[in-house]
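Below you'll find the structure, written out as structure tokens, and then a few comments.
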2 protein chains.
Amino acid sequence: MVWVKNRRELLGNATSSLNRKAREVALKAVEAAIDAVDPRRAVKSKVSLSDGTLKVGDLSFNLSSFKKVIVVGGGKASGSMAEALEEILGFHIDGGVVVVPRGTKDNYKTRRVELQEAGHPVPDEGSVRGAARILELAGQAEEGDLVICLISGGGSSLMSMPKTGVSLADKRAMTKMLLRCGATINEINTVRKHISMFKGGQLAEAAYPATLISLILSDVVGDPLEVIASGPTVPDPTTYRDAARVLKHYEIWDEAPKSIKNVLMDGVSGRIRETPKPGEPAFRRVHNIIVGNNRIASLAAKSELQRSGLNTLFLTSFMEGEAREVGIMLAALAREVGASGSPVPKPCGIVVGGETTVTVTGDGIGGRNQEIALSSALKIAGLNGTVIISFSTDGVDGPTNAAGAIVDGSTIARSRKLRLNAVEYLRNNDSYSFFSKLGDLIFTGPTGTNVNDVSVIVCI
Amino acid sequence: MVWVKNRRELLGNATSSLNRKAREVALKAVEAAIDAVDPRRAVKSKVSLSDGTLKVGDLSFNLSSFKKVIVVGGGKASGSMAEALEEILGFHIDGGVVVVPRGTKDNYKTRRVELQEAGHPVPDEGSVRGAARILELAGQAEEGDLVICLISGGGSSLMSMPKTGVSLADKRAMTKMLLRCGATINEINTVRKHISMFKGGQLAEAAYPATLISLILSDVVGDPLEVIASGPTVPDPTTYRDAARVLKHYEIWDEAPKSIKNVLMDGVSGRIRETPKPGEPAFRRVHNIIVGNNRIASLAAKSELQRSGLNTLFLTSFMEGEAREVGIMLAALAREVGASGSPVPKPCGIVVGGETTVTVTGDGIGGRNQEIALSSALKIAGLNGTVIISFSTDGVDGPTNAAGAIVDGSTIARSRKLRLNAVEYLRNNDSYSFFSKLGDLIFTGPTGTNVNDVSVIVCI
């Protein structure tokens with residue numbers, strides 16, 4: 001599919017035929033990457049029905065052996081996933097509920113799966129209604145029934161059900177407090193799972209003894225199942241005691257909402273049940289299947305580069321860290337290709353996936369991918385036929401309307417002609433303004449999927 | 001050669017046989033890397049004499065056609081380079097002077113090349129004496145003579161000759177001022193070359209019309225010839241005007257030493273000569289040859305890993321940026337190997353070269369390589385058979401007595417048993433203390449060479 005809306009302009013900005021060719025090839029890789037993790041395509045690549053046999057990844061099920069098939073789930077991509085699943089299973093689906101972000105329900109045409117709207121990124125009453133409805137449906141499922149759960153990024157907010165007595169406001173206040181005191185994402189999740197009735201495997205517990213297949217579009221680097229949408233169908237190794245310890249460690253126990261402290265104390269003393277743990281019966285019939293992730297997008301980009309006739313290398317889908325430093329690293333790869341033909345000889349394409357962060361110190365506008373691109377531009381200045389693109393697969397890089405940016409060996413020279421000081425723009429976290437002036441932002445619009453970021457290096 | 005002195009302890013720290021094997025293989029790669037850029041070996045790998053034909057890299061010279069052969073140069077490794085050259089050329093060398101750091105002269109046995117001592121990293125009167133002597137010898141060389149120049153890291157300080165009227169103190173004050181105001185290394189070099197009589201191609205100018213072969217052991221990432229030892233045999237594209245502009249740009253013109261302002265003004269007005277520029281006759285008979293660099297060390301590490309039976313990949317010799325971010329990147333590669341067998345399938349070894357920096361915010365003790373290792377340890381925790389080493393080829397990582405450090409998937413677990421909080425040690429730039437307690441520092445002692453840093457990932 002044509003995702004890059006300003007392709008013509010981006011090619012027109014090339015200052016040499018080599019750069020133009022490299023831009024062209026790199027942009028095709030971008031589109032292939034997004035295509036590969038389109039939620040509908042992701043579901044269809046892993047799920048098929050033929051002669052009554054339902055295949056999900058390597059697993060096979062005799063569909064007629066199930067008394068009832070219901071579909072639940074939530075996330076920014078879960079509406080599309082539900083559509084695709086309906087196309088595959090059709091009348092076999094007996095019903096279900098999938099929660100989608102407010103204002104997007106009309107984008108999807110499902111006939112058997114009901115769509116409910118809820119708040120994202122901040123959960124609202126719709127989130128609670130959605131989660132309650134899902135837990136109800138899952139709870140009604142019996143042995144011999146099949147529950148298919150569609151999970152994607154945003155699911156944690158869209159399906160949210162605090163334990164009795166805890167209000168959404170309490171939950172929000174708690175999360176803010178944890179963020180402020182510097183708790184790690186794992187610590188925050190430990191607390192969140194224990195004040196929830198849905199997260200941390202509790203949906204799986206509700207569905208037991210039905211068979212549960214969770215189709216997961218991963219928006220977290222490394223696909224940790226217990227983290228994606230807070231792992232409603234995944235065992236939770238953490239405990240109430242761990243959660244309480246986090247609040248005490250950061251010395252926010254005293255100021256934490258009373259309702260939350262009550263829940264944690266009740267949990268520690270055994271008055272309310274623990275989240276389900278690894279090895280518990282609740283997971284005996286649970287199959288968590290990744291249908292799309294950063295690696296799939298990155299490998300699709302690599303395949304496209306290969307089709308364009310390049311030698312290719314996929315480095316990692318685990319790239320993390322400060323965006324500008326990753327930019328230096330990408331440039332270091334391109335420079336070595338130019339100097340010695342390592343790690344792959346020209347003409348070549350290298351793909352790196354993951355998700356970086358930006359430590360904001362300036363007051364400009366930008367996104368992590370645009371900052372990667374700007375940082376790398378400074379280091380590849382002068383290299384002809386060398387292009388680096390970094391982009392967000394969801395089409396929205398940081399608080400901007402661009403997916404990312406494209407640079408080549410002449411980017412810095414072009415910026416000098418416009419009297420732009422690239423170092424200053426980078427220092428000021430103002431990559432969006434920089435690329436806006438050069439016309440080298442990549443615009444795709446929201447893509448409806450999210451498997452984090454992909455960077456593509458092309459040297460020809 | 002056995003460089004790693006505490007090999008036995010480092011192997012003893014392994015918590016599994018896979019980790020032990022991975023440590024063993026990675027440590028052998030370290031030794032191979034250092035061996036490959038030993039200054040003597042570096043010179044001998046590029047220079048040979050056979051039947052009166054002097055071969056230097058791809059070049060051939062009829063040695064008997066030269067009337068006189070003199071050897072000059074300076075740097076921390078140049079004493080060893082001179083020894084090696086004497087072993088190759090013997091009585092063909094008619095004389096020469098090479099400048100080495102104070103207190104190291106007795107380490108070398110040269111018979112035809114005189115060794116002089118000078119200050120490093122701060123130039124002293126010895127630096128001036130050495131540079132003057134070299135310029136004198138080069139100036140006496142005539143058409144038909146051969147001047148061989150031995151350049152290595154530290155040469156800029158060891159061979160230092162300010163322009164008339166500029167004192168060493170003025171020069172030092174100027175450099176300090178430039179560093180303080182945030183000038184880039186290129187800008188600092190532009191100023192330095194124009195207040196020097198030696199740097200920026202001026203040695204080549206003095207040697208003209210003799211033939212000049214410069215053998216260079218590169219201690220700068222990417223081998224920019226004009227930067228290594230300030231490029232005494234390399235054209236200088238920058239001008240007095242550029243140098244003056246740097247001082248004005250950073251608004252330090254007024255406070256700059258008067259002697260330096262005088263030199264720059266004389267230069268701008270044409271009263272004193274420019275440094276020699278690209279294309280000038282002075283460089284017609286100049287051959288700048290890299291005999292050792294980071295890539296050679298990295299590729300030797302890769303070859304050693306290959307000999308150990310691993311699938312190997314050399315990524316880049318251009319790695320730069322913040323050490324802890326590079327550590328995350330190395331871990332991202334190891335994690336992908338574990339998850340998908342990309343970029344190379346197990347058992348594998350990946351080599352990355354370059355030189356990182358550390359932005360110090362804590363008050364601990366550490367070096368850039370130790371910080372890379374600590375940062376990566378946090379991200380590979382739990383991966384069995386995965387080892388990461390980062391080390392400085394000169395054997396001295398930052399202000400410590402260690403060359404670097406080794407980590408594996410059990411490093412964090414081992415540190416927890418010792419009640420060490422790895423995150424805190426990293427936050428406090430205290431990697432040396434951390435690894436000291438674990439016994440995972442790598443000790444080689446000073447190796448006598450320097451081609452920056454090499455990191456090795458082994459996954460078996």
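A, B, ... follow the sequence lines: proteins, then strands. Residue 1 opens every chain.
- Partners of B/Phe391 under the ring pair (Phe, Tyr, Trp, His ring centres under 6.0 Å) rule, at least two apart in sequence or in another chain, do not exist in this structure.
- In this structure, CG on A/Leu315 lies 8.0 Å from CD1 on B/Ile350, to the nearest 0.5 angstrom.
- Interface with chain B: from residues 376-387 of chain A, residues A/Lys379 qualify, criterion being any non-hydrogen pair under 4.5 Å.
- The salt bridge (Lys or Arg N to Asp or Glu O under 4.0 Å) search around A/Lys277 returns A/Glu274, not counting sequence neighbours.
- Taken to the nearest 0.5 Å, the CD1 atom of B/Ile296 stands 11.0 Å off from the OG atom of A/Ser340.
- Scanning residues 318-339 of chain A against chain B with a 4.5 Å non-hydrogen threshold yields A/Phe318, A/Met319, A/Glu320, A/Gly321, A/Glu322, A/Glu325, A/Ile328, A/Met329, A/Ala332, A/Leu333, A/Arg335, A/Glu336, A/Ala339, sorted by number.
- Only the side chain of A/Leu313 has a heavy atom closer than 4.5 Å to any heavy atom of chain B.
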